[in-house]
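Structure, as structure tokens:
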Amino acid sequence: RISQAPAASLNTEAPRFSGAAAFNVERLALSTNLISAFGNATDRATAIALDNADSLAKYKSQFHINDPDLCYLDGNSLGRLPKATIQAVNDFLTGEWGNELVDGWAHWIDEAQAAGNLLGRATLGAAEGQTLVQDTTSVNFYQLCVAAIKARPGRKTVIIDASNFPTDRYILAGIAESMGLNLVTLNNDGSGGPGAVDIESDCEMITASELEKHLSDDVALVTLQVIHYRSGSRPDVKGITDLVRSYGGLVVWDASHAGGAIELKFDEWGVDLAVGCTYKYGNSGPGAPAWLYVSKRLQTQLNAPIQGWFANDKQFEMGPFFEPAEHIRRFQIASPSIIGARMVQASYRMIEEAGMPAIARKAAMGTELLIALFDAWLAPLGFTLMTPRDPEQRGGHITVGHPDAKKIASAMRSMTNTIPDYRTPDSIRLAMAPLPTSFVEIWDGLDRMRDLVESKRYQEIEDNGSRVT
């Protein structure tokens with residue numbers, strides 16, 4: 001069971017600030033009194049003051065928002081549509097594909113690398129030539145995990161955690177079975193899994209000290225999340241990567257719930273391998289291409305299991321033997337989705353312009369407001385906090401628990417025009433997507449949630465039969 005962090009008291013006597021000149025969110029250091037500097041979190045005027053001081057507020061108008069009354073707190077699952085994306089896709093269809101036909105491939109051919117360089121520069125702290133935008137997170141995860149395992153011949157152990165995203169757990173279990181490996185599942189949430197071993201964990205957090213108990217010279221691969229998809233907790237990426245490397249293993253990080261929400265410094269941290277999606281905080285659209293990152297120091301040491309023709313060094317000679325490229329294209333399988341790449345480029349140009357330091361600070365402010373309102377409004381109604389209170393140990397969303405979480409989340413959508421998301425067995429995720437979300441949107445959404453539960457109106461909701469939560 002994920003533990004509940006102790007409640008923090010609200011400073012109701014802190015001075016009230018308003019106006020952009022009084023306080024600039026971009027200059028705030030992360031601390032636990034970020035919100036109290038603007039006033040009492042339970043006063044809507046405080047959320048208004050935060051918006052007035054927000055240097056990123058201008059970006060909200062750059063998204064398609066058809067219902068201004070909707071409180072959309074699910075940007076950690078699917079981001080909003082940037083207006084620039086509509087133009088970019090239309091321009092590609094009519095100005096490129098429609099007019100250029102097959103000749104367009106002369107400049108489309110390396111789109112996965114061009115989009116990857118932009119994404120890596122804007123959100124990963126990655127120099128050029130290490131990131132590809134292509135395929136799905138699942139395919140990229142499979143490619144990198146198998147490549148990493150084969151690069152450590154003779155080692156028979158792979159490690160994952162029980163709270164990891166299901167796709168990662170299922171794929172790694174399949175890899176372990178097909179390759180005859182010993183799969184160890186760190187049981188950080190009580191759910192178990194193949195080869196489960198119990199560990200000490202708070203808010204699903206994997207610490208280096210707990211992980212080291214299960215490391216040895218037999219471990220080929222460890223794979224973890226940069227931000228836990230459910231609890232929102234953030235492990236020490238650099239510390240864990242260095243630790244596993246000291247035992248001779250490799251780490252594949254899944255940054256799907258981190259990219260575009262927190263600052264990532266892959267090159268500086270010495271990250272080996274990573275994957276992630278683009279449709280959450282990246283706002284690139286449902287099913288948009290995912291990405292993979294391979295450090296330059298490892299690129300010629302690894303061989304992808306799916307040897308597509310795009311990975312062949314002399315691609316258009318179409319020879320009888322596969323000879324892998326000596327750079328990042330070594331990990332590309334086939335033709336990239338050009339429409340998808342343009343969606344990624346449109347949204348990540350906006351992210352690059354806004355800057356990840358400012359985006360990360362707003363995410364920390366937004367989750368701080370969510371936690372402050374949780375303490376004041378939700379905790380008295382029987383909710384528990386399942387996310388770390390330290391902003392350095394969480395991402396862009398928080399998770400709250402309640403026995404009736406599924407009904408409450410459904411009723412929030414149908415009764416209050418507020419969209420969160422539900423995660424089994426009893427949790428609701430609430431997110432600050434920094435570019436399209438305002439502080440007032442968060443405040444109003446939590447106010448509606450409080451009223452819904454306090455009045456018990458949510459109990460009237462009936463299951464709509466959808467398997468999507």
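Index from 1, following the sequence.
Scored by the ring pair (Phe, Tyr, Trp, His ring centres under 6.0 Å) test, Trp253 finds no partners at all (sequence neighbours excluded). The ring pair (Phe, Tyr, Trp, His ring centres under 6.0 Å) check on Phe165 picks up Tyr229, with sequence neighbours excluded. With sequence neighbours left out, Phe266 forms a ring pair (Phe, Tyr, Trp, His ring centres under 6.0 Å) with Tyr293. Contacts of Asp242 classified as side chain to side chain donor-acceptor pair (under 3.5 Å), with partners at least two apart in sequence or in another chain: Lys238, Arg245. For Glu263, the side-chain contact (heavy atoms from CB on, under 4.5 Å) partners two or more places apart in sequence, or in a different chain, are Lys265, Met356, Pro357, Ala360. Judged as a side-chain contact (heavy atoms from CB on, under 4.5 Å), and not counting sequence neighbours, the contacts of Glu200 are Glu210. By the side chain to side chain donor-acceptor pair (under 3.5 Å) test, Ser209 pairs with Thr207, sequence neighbours left out. By the side-chain contact (heavy atoms from CB on, under 4.5 Å) test, Gln301 pairs with Leu298, sequence neighbours left out. Contacts of Thr416 classified as side chain to side chain donor-acceptor pair (under 3.5 Å), with partners at least two apart in sequence or in another chain: Thr418. Residues satisfying the side chain to side chain donor-acceptor pair (under 3.5 Å) criterion with Gln225, sequence neighbours excluded, are His228. The side-chain contact (heavy atoms from CB on, under 4.5 Å) search around Glu128 returns Asn117, Arg121, not counting sequence neighbours.
Among pairs with a residue in residues 429-445, those fulfilling salt bridge (charged side-chain N to carboxylate O under 4.0 Å, His left out) read Arg44-Asp444, Lys60-Glu441, Arg80-Glu441, Asp421-Arg429, at least two apart in sequence or across chains.
Looking at Asp189 and Ser191, their side chains do bring a donor and an acceptor atom within 3.5 Å of each other.
Here the closest non-hydrogen pair linking Gly276 and Asp254 is CA-OD1, 4.3 Å. When all heavy atoms of Ala346 and Thr85 are compared, the pair lying nearest together is CB-OG1, 3.7 Å.
Arg297 has a carboxylate O that lies under 4.0 Å from a charged side-chain N of Asp272, or vice versa, which qualifies the two as a salt bridge.
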